[in-house]
Amino acid sequence: MGGIHPREAARHHAKVAGDTISRAFQEAGIKPKDATIIAFSQGPGLGPCLRAGATAARTLSTYLNIPLVGVNHCVAHIEIGKLVTDAKDPITLYVSGGNSIVSAFDAGRYRIFGETLDIAIGNSIDVFAREAGLHQQKGLPFGAIVERLAKEGKELVHLPYSVKGMDLSFSGLLTAVVRLLKNGKHSLEDLCYSLQETAFSMLTEVTERALAHTEKKEVLLTGGVGANKRLQAMLATIADEHESRFCVVPKQYALDNGAMIAWAGILAYKQGITTPVEESFVRLKWRLEDVKALWVEP
Ligand code: FE2
């Protein structure tokens, strides 16, 4: 099926860590001795990759003798999204290769209102694109290629629509669309179009129900799949119907990035939260709602 090989990715992380860190210091115009904390992504994610980051973070924190702050990756997406869009208290839809989560702040934590029960939406699109023999072109991820093909689609092919309570399932949809691809009765454009329409409607339905339930006044879209214009349009419609502001996190801060980890680390540190080295083990399945978000105003 292709995709990321965790150990190879981790080797790559370790190889580029030194250069990346010195470039970050250069661009920020500060020296390592000026740093106050070292924030790092403690989870959730792929073990080998998280460990490569955590090792670099522990080394730096020990060398500079400054505290470590272990950050939850999903919290970081939400916090940087709020910062750059000026959203105060949104319903967040975080959609990427590894996550599909609808969340909102309630009683001290970012609660998960709905999530995928199997694979993430971004992963579904990637697997479909690979099965279709599409090739990642320069700078264009599979999602963007599928989006472009979908625009040429005319016929909506029936695919499994799977919303269970507030949760989502994409695996049946993926199996069905790959099967249709192999039997060759539909054009690739129609299948891209139908895949997007079905999957994005599911995401939009769950987001809208969370919005109606919580009566929040903002909808925040983040993660790599958030760059998709069709998904943006669907969410803009429901935000509008509920008189909520629709905020799309710019790509630079919507894809995984170091700034989001740093920012979430700063917010936690200001509340006195640090992570002793002996507690800095990575947490592969660290859930968003397990984090006490002390820095968020109720
Ligand atoms: Fe992410």
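The chain is numbered in sequence order, starting from 1. Both counts, for ligands and for their atoms, begin at 1 and track the order of listing.
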Enquirer: By the rule that ILVMFWY residues connect when side-chain heavy atoms come within less than 4.5 angstrom, directly or transitively, which residues belong alongside Val277?
Expert: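 Cluster partners of Val277: Ile21, Phe25, Ile30, Ile38, Phe40, Leu60, Tyr63, Leu64, Ile66, Leu68.
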
Enquirer: Using a 4.5 Å cut-off between side-chain heavy atoms of Ile, Leu, Val, Met, Phe, Trp and Tyr, which other residues end up in the same hydrophobic cluster as Val282?
Expert: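 Result for Val282 is Leu50, Leu284.
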
Enquirer: Given Met234 and Ser201, is the side-chain contact (heavy atoms from CB on, under 4.5 Å) satisfied, shown in steps?
Expert: CA-CA 8 Å; Met234 285 190 191; Ser201 301; 3.9 Å; yes

Enquirer: Is it true that Arg11 and Glu8 make a salt bridge, defined as a side-chain N closer than 4.0 Å to a carboxylate O?
Expert: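 Between Glu8 and Arg11 there is no salt bridge, as every charged N stays at least 4.0 Å from the carboxylate O atoms.
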
Enquirer: Under 4.5 Å side-chain heavy-atom separation, chaining through any Ile, Leu, Val, Met, Phe, Trp or Tyr, what else clusters with Tyr193? Say none if it is isolated.
Expert: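 When side chains under 4.5 Å apart are linked, the cluster holding Tyr193 also contains Leu156.
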
Enquirer: Rounded to the nearest 0.5 Å, what separates atom CE in Met202 from atom OG in Ser169?
Expert: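 Between atom CE of Met202 and atom OG of Ser169 there are 6.5 Å.
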
Enquirer: Short of 2.8 Å from the Fe ion (ligand 1), name each protein N/O/S atom, waters not counted.
Expert: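 The answer, once waters are left aside, is His73 NE2, His77 NE2, Tyr94 OH, Asp256 OD1.
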
